Protein chains: 2
Amino acid sequence: MPTTSRERLVAAAFELFAGQGYDATTVDEIATRAGTGRSTFFRHFPTKDDVVLPDHEALLRRVDERLATASSAGLEVALREAAGIVLEHYLAEGETARTRYRLASSVPAIRDREVASVQRYVRLFGKHVHRWLDTEPDGPLRAELVASAIVIGHNHVLRQWLRGAVDDADTTRTLVDRALDHALAVLRGPAAAGAPTIVITGGERDVEQVVQQVRAALGRP
Amino acid sequence: MPTTSRERLVAAAFELFAGQGYDATTVDEIATRAGTGRSTFFRHFPTKDDVVLPDHEALLRRVDERLATASSAGLEVALREAAGIVLEHYLAEGETARTRYRLASSVPAIRDREVASVQRYVRLFGKHVHRWLDTEPDGPLRAELVASAIVIGHNHVLRQWLRGAVDDADTTRTLVDRALDHALAVLRGPAAAGAPTIVITGGERDVEQVVQQVRAALGRP
DNA sequence: GAACTCGTTGGTACTCAGTATCGTACTAGC
DNA sequence: GCTAGTACGATACTGAGTACCAACGAGTTC
């Protein structure tokens with residue numbers, strides 16, 4: 001079983017971090033346990049954190065590619081699928097992702113790195129959403145809101161899966177879809193200048209019922 | 001003018017960072033320029049970054065206090081005022097805040113710290129919004145969305161002021177108010193289970209016009 | 001005024017992350 | 001068999017952050 005030194009380093013790091021904690025573990029120990037030199041560690045990972053962090057670069061690239069090909073009509077689908085790419089990556093990682101999550105929950109250094117990564121996804125989504133909103137009033141702000149809403153919706157459900165509160169992959173996918181309904185409502189509901197914008201989410205969409213609700217909501221029938 | 005050593009350290013750090021860059025400046029240099037010892041630096045600031053970062057602790061505490069006293073009816077007002085507390089802090093800081101912004105824009109280490117700080121505000125807002133949404137469906141997710149939307153709206157305008165794109169304080173306040181309209185729309189638009197929830201933002205709220213819009217939107221008149 | 005706190009400071013020594021560099025072993029291709 | 005490229009190990013260095021101790025000055029008490 002001659003795994004690569006990179007893989008051995010990752011395995012050793014996960015074991016040591018779990019066993020004696022992140023701060024109490026030195027890069028020297030990780031390298032020694034992996035049967036390699038300290039130089040090799042830093043040749044594979046720029047910092048100590050990176051050995052347990054996922055490869056966001058590749059993931060961001062794939063998300064970027066999916067969003068870049070989105071047409072105006074297919075924007076929502078593209079956003080959902082882009083979020084799906086990330087979700088599927090984590091689901092495929094399985095237990096590794098969950099171990100990392102527990103680590104990030106207890107080690108501030110790793111948590112901060114993760115937060116910074118999340119920000120990169122928000123910026124990426126924002127870049128593309130902005131392309132579709134740039135003619136609209138408050139386009140840049142709304143693009144940022146939508147992008148962040150999508151990432152939050154996705155991560156909200158992802159965390160449930162990482163914690164083990166949800167275990168089934170299909171259930172997780174369904175929940176993400178529902179969470180993205182909320183997120184995309186932000187996209188559909190611009191604050192128009194002339195005619196008001198109306199967002200209807202959830203429930204049965206019986207016209208007369210909705211109309212009645214509108215009359216009631218506006219207060220003066 | 002015997003300023004405290006803490007103040008001298010902050011001043012020295014800003015000067016050196018601006019002059020020769022963040023990475024090229026050592027804590028030793030900062031301490032020497034401030035006419036103090038290296039020990040004194042770390043006695044005042046836990047890390048090198050912290051010397052130029054704002055005192056988020058105090059700010060978070062004040063925001064927390066404002067939100068804690070919010071009644072159900074005054075929730076939106078409380079959220080706006082809480083955001084206002086942060087805005088006023090930056091406006092009062094003036095040029096210092098702008099210098100820090102330029103620093104954070106160019107130094108990844110500082111930018112990451114700022115991103116982590118922003119996350120703390122989101123969590124704080126989320127904690128309080130959650131109290132008001134916990135009976136509603138998808139309360140935790142919606143609370144997170146609203147909290148993040150408020151912080152994004154606030155920061156979106158704040159950044160314009162920091163960059164100097166907006167210079168007048170009153171204009172900035174007005175823009176934040178408008179940005180928070182978008183953010184709070186997320187709060188008002190829950191995805192109800194039975195009856196749909198309807199969010200109407202912007203424009204004239206003439207009932208018949210809205211009803212007509214609803215009929216058109218739902219497609220089957 | 002001497003002794004006694006107590007908070008602020010400076011100095012020294014240490015650990016460890018991260019960088020730079022050099023020599024070496026292994027492999028591929030000609 | 002030779003060479004170019006690549007992965008590796010070892011060493012030495014910088015600088016952030018920690019731990020500890022000794023000194024100084026301003027009260028305070030006897």
Side-chain angles (χ1 to χ4, degrees), chain A residues 1-53 55-57 100 103-104 106-114 116-117, chain B residues 1-53 55-57 100 103-104 106-114 116-117:
Chain A
M1 36 114 263
T3 50
T4 72
S5 57
R6 184 189 176 92
E7 287 167 336
R8 289 202 312 274
L9 283 166
V10 172
F14 268 108
E15 292 163 12
L16 287 169
F17 289 167
Q20 50 183 284
Y22 175 82
D23 289 321
T25 304
T26 71
V27 174
D28 254 312
E29 288 179 282
I30 300 172
T32 304
R33 185 182 186 96
T36 169
R38 210 177 82 100
S39 319
T40 304
F41 181 95
F42 285 108
R43 202 167 281 123
H44 284 290
F45 308 100
T47 77
K48 181 180 166 185
D49 313 336
D50 287 285
V51 70
V52 290
L53 260 33
D55 184 4
H56 285 299
E57 302 303 330
R100 188 192 311 118
L103 216 51
S106 60
V107 180
I110 297 184
R111 197 175 44 73
D112 285 358
R113 287 291 306 271
E114 287 281 18
S117 296
Chain B
M1 37 117 266
T3 50
T4 72
S5 56
R6 184 189 175 92
E7 288 167 337
R8 289 201 312 274
L9 283 166
V10 172
F14 269 109
E15 291 162 14
L16 286 169
F17 288 168
Q20 51 184 277
Y22 175 82
D23 289 322
T25 304
T26 71
V27 174
D28 254 311
E29 288 179 283
I30 300 172
T32 303
R33 185 184 187 96
T36 169
R38 209 176 82 98
S39 318
T40 304
F41 181 95
F42 285 110
R43 202 166 282 124
H44 285 290
F45 308 100
T47 76
K48 180 180 166 185
D49 313 336
D50 286 286
V51 70
V52 290
L53 260 32
D55 185 5
H56 285 300
E57 302 302 331
R100 188 191 311 118
L103 215 52
S106 60
V107 181
I110 297 184
R111 196 174 45 74
D112 285 358
R113 287 291 305 268
E114 287 279 18
S117 297

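Lettering of chains follows the sequences in order, A, B, ..., and the numbering in each one begins at 1. Just so you know, these numbers come straight off a predicted model, no measurement behind them. Any value given below was found using the heavy atoms of this structure, including those in side chains, with hydrogens, waters and symmetry copies removed.
- You won't find any donor-acceptor pair under 3.5 Å spanning the side chain of A:Thr47 and the base of C:dG18, going by distance alone.
- B:Glu29 places a side-chain N or O within 3.5 Å of a backbone atom of B:Thr26 that can act as its donor or acceptor partner.
- Taking only distance into account, the side chain of B:Arg43 meets the base of C:dG10 through a donor-acceptor pair shorter than 3.5 Å.
- Taking the ring centre of B:Phe17 as origin, the terminal cationic atom of B:Lys48 falls outside the region bounded by 6.0 Å and 45° from the ring axis.
- How far OG1 of B:Thr36 is from CZ of B:Arg43: 8.5 Å, rounded to the nearest 0.5 Å.
- Between the A:Arg38 side chain and the A:Ala31 main chain, no donor and acceptor come within less than 3.5 Å of each other.
- An OP1 or OP2 oxygen of D:dC8 is reached within less than 4.0 angstrom by a side-chain nitrogen or oxygen of A:Ser5.
- To the nearest angstrom, P of D:dA7 lies 14 Å from CD of A:Glu7.
- Going from atom OG1 of B:Thr25 over to atom CZ of B:Arg33 covers 9.5 Å, rounded to the nearest 0.5 Å.
- Distances shown here put a side-chain N or O of B:Thr40 below 4.0 Å from the OP1 or OP2 atom of C:dG10.
- The nucleotide whose nearest atom lies closest to any side-chain atom of B:His44 is, among D:dG17, C:dT9, D:dC8, C:dT9.
- Going from atom CG of A:Leu53 over to atom CZ of A:Phe45 covers 10.5 Å, rounded to the nearest 0.5 Å.
- In summary, of the residues considered (B:Asp50, B:Val51, B:Ile30), a side chain to side chain contact (heavy atoms under 4.5 Å, CB included) with B:Val10 occurs for B:Val51 alone.
- The interatomic distance linking B:Phe41 (CZ) with D:dA16 (C1') rounds to 10 Å, in whole Å.
- Remark: nothing in residues 9-30 of chain A comes within less than 4.0 Å of DNA chain D through any heavy atom.
- B:Arg38 contributes no side-chain N or O that forms a donor-acceptor pair with the base of D:dG15 under 3.5 Å.
- Residue A:Thr36 places at least one side-chain N or O closer than 4.0 Å to OP1 or OP2 of D:dG9.
- Across the protein-nucleic acid pair, B:Phe42 atom CZ and C:dT15 atom P stand 17 Å apart, rounded to whole Å.
- The residue among B:Gly37 and A:Lys48 whose nearest nucleotide of DNA chain C is located toward the 5' end is B:Gly37.
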